Amino acid sequence: MPQETVSGTAQAAPIVVVENVTKRFGAFTALNDVNLRVGKGEKIVLCGPSGSGKSTLIRCINHIEKHDGGRIVVDGVELSHRLADINSVRCEVGMVFQSFNLFPHLTVAENCMLAPMKVRGISQAEARARALGLLRKVRIQDQADKYPAQLSGGQQQRVAIARALCMQPKIMLFDEPTSALDPEMVKEVLDTMVELAKDGMTMVCVTHEMGFAREVADRVIFMDRGCILEEADPETFFRAPRSERAKGFLNQIIH
Amino acid sequence: MFGVLFEQTADGQRYIDWLLSGLGWTLALAFFGWWIAFGIGVVVGVGRTVQNRFLAIPARLYVEIFRNIPVLVQMFLWYFVFPEVVPSALGDAIKQIPPPWASFFPALLCLGLYTASRIAEQVRAGIEALPRGQIEAANALGLSGYLTYRYVIVPQALRLIVPSLTSEVMGIYKNTSVALTIGLMELTAQARQISEATFQTFTAFGAATIIYLCLALIAYQGMMLIDKAVRIPGSAPVKLSADADLAAEVQQAGALPNALEAAK
């Protein structure tokens, strides 16, 4: 597998290490011997055709999917089924889903407060203050006491970002955060993500938003059929993709 | 036609007092039985959905046993058989319980545990109807299994099943009439007693029927109020829209009755 690490930061202080990871769903191999290092503060964009394993890869990083082979180390802790307290790892890894997955029976603020109070054990007042602070950051503080179903898709996704940030994670994973949004709402979510990137958050994003990739990514990783085919800085990747599959993929998404 | 109800009985009361006393037992049995059923039903229903086999298998067994034995047979088992199979000291103590309570407690246990098995299946169906993403989101936030159930899954599942719980509320108070077979003088038993004392069968059972019907309507209205009170703001029961998310929501809402069918 050709693996060229472009950025030096990845070696400096890897916070996520993925080594020779495989994942199968029955006869289907979703990940085939994947290697990835994410340095602190690094922004990585994962792209590739549907079914290429990019979502599976980031879902393995917080152990929502359990990998079958290889090693994943997050923030110094190796993930395995023997790991007694996976939740202490998950506290450090925020995740934003394609379908938002807000808790519909809780208000926006309560969505943001639940895990900090119950998992981190902070007081209600502190949790609310933190939630409102982060909701302000994603420019949605005036909706704090509404319920998710009363918000637009873009607003819901920004709440989902704030909810993840309320746990003060060290890494943020984004699983196609804009794919379920109406076109006019994509920008507000991407702007939030760009801001987050500028604050120095470590981010791994599965996205096909190439403008976003150009603006913030340190590396773009192209996956196909469970393998990492290419890894390059965004300029190089978009200007001169090496593999035929990446060329074909880029042609298709940049009509 | 109901005039006979206001006539004096041999013991100096009026027949209507017999009916009201019966109504009291019926309501007490249904009310306390409901909370037993609801408490156990939620726990067993959750147990049906967990990965842990040491919880899932007993929960399954519970449901299969209590749901599949006719409620009349269960009534006899608790009243006649249970005191015989427990250690004799306990059995004797049970047999010492004075008359109304000697029938009331077995009936309470019987209806509570039987209804719990039915509620458990609905709780399970409600949990299984929730989108998978809810559990994933809770996991991703670091919530433990217990916290996920406590704060994310069960509150949503219970909201989903309020309509089907309505029929369980109605079911448990209708089933209280089975308690007459073990000698509890609840509403039906009193109606029969009146009919035997006065030979006014139509009046006696007619009055009982009207009372049961009124109770059903009250229970139904009560559950409608609860349904409204716990409904999540912004989520109307059915929304029709071209929007993909809403369509998915509607589909999920539609998935519940199917799951309930499967549960039956």
Side-chain angles (χ1 to χ4, degrees), chain A residues 58-59 61-65 84-108 110-120 143 145-153 156-157 160 163-169 172-173 175 179-182, chain B residues 42 51-52 123 126-127 129-162 226-253 255-256:
Chain A
I58 70 164
R59 287 159 64 87
I61 293 175
N62 67 356
H63 215 49
I64 282 184
E65 291 307 346
D85 192 11
I86 180 66
N87 293 322
S88 61
V89 178
R90 284 171 174 163
C91 286
E92 308 302 335
V93 184
M95 185 156 192
V96 175
F97 298 86
Q98 180 176 0
S99 50
F100 327 140
N101 293 347
L102 294 176
F103 305 135
H105 61 301
L106 301 178
T107 65
V108 165
E110 286 166 348
N111 263 279
C112 297
M113 291 157 64
L114 179 64
M117 281 166 64
K118 300 300 170 190
V119 181
R120 295 276 202 211
Q143 316 278 359
D145 294 312
K146 285 194 180 168
Y147 285 82
Q150 296 168 313
L151 305 185
S152 72
Q156 289 190 47
Q157 194 60 297
R163 176 175 73 173
L165 291 175
C166 278
M167 288 297 278
Q168 302 183 325
M172 284 286 283
L173 307 175
D175 188 1
S179 305
L181 295 174
D182 290 337
Chain B
V42 170
Q51 301 283 323
N52 185 337
V123 169
I127 289 172
L130 292 178
R132 175 107 200 102
Q134 290 291 307
I135 297 172
E136 288 179 354
N139 286 344
L141 284 166
L143 293 169
S144 64
Y146 168 76
L147 289 172
T148 302
Y149 271 99
R150 168 70 184 76
Y151 293 102
V152 177
I153 297 177
V154 172
Q156 291 187 58
L158 289 183
R159 281 179 170 86
L160 272 180
I161 63 171
V162 169
I226 291 174
D227 191 26
K228 237 180 223 164
V230 301
R231 182 165 295 153
I232 298 159
S235 65
V238 179
K239 276 189 233 166
L240 288 177
S241 156
D243 189 301
D245 285 337
L246 286 177
E249 237 172 67
V250 169
Q251 265 185 352
Q252 277 159 16
L256 178 63

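If you're wondering where the values come from, they're calculated on a predicted model, not measured in any experiment. Excluded from the calculations below are hydrogen atoms, water molecules and symmetry mates; all remaining heavy atoms, backbone and side chain alike, are included. Note on naming: letters A, B, ... go to the chains in the order of the sequence lines (proteins, then strands), and numbering restarts at 1 for each one.
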Nearest atoms (heavy-atom pairs only) where A:Pro148 meets A:Pro104: CD-O, 3.9 Å
Which atoms of B:Arg132 approach chain A - backbone, side chain, both or neither, heavy atom under 4.5 Å: neither
What are the two closest heavy atoms between A:Cys112 and A:Cys166, and how far apart are they? O-CB, 3.5 Å
Contacting moiety of B:Leu141, where chain A heavy atoms sit under 4.5 Å: both
Scored by heavy-atom pairs under 4.5 Å with chain B, the best of A:Met167, A:Lys118, A:Arg59 is A:Lys118
Let me have the donor-acceptor pairs involving side chains of residues 89-102 of chain A, under 3.5 Å, with sequence neighbours excluded, atom names and distances please.
{"unit_1": "A:Arg90", "atom_1": "NE", "unit_2": "A:Asn62", "atom_2": "O", "d": "2.9"}
{"unit_1": "A:Arg90", "atom_1": "NH2", "unit_2": "A:His63", "atom_2": "O", "d": "2.9"}
{"unit_1": "A:Glu92", "atom_1": "OE2", "unit_2": "A:Arg120", "atom_2": "NH1", "d": "3.3"}
{"unit_1": "A:Ser99", "atom_1": "OG", "unit_2": "A:Asn101", "atom_2": "OD1", "d": "3.1"}
{"unit_1": "A:Asn101", "atom_1": "ND2", "unit_2": "B:Gly133", "atom_2": "O", "d": "3.2"}

Donor-acceptor pair, distance only, cut-off 3.5 Å: does the side chain of A:Gln156 make one with the backbone of A:Gly153? no
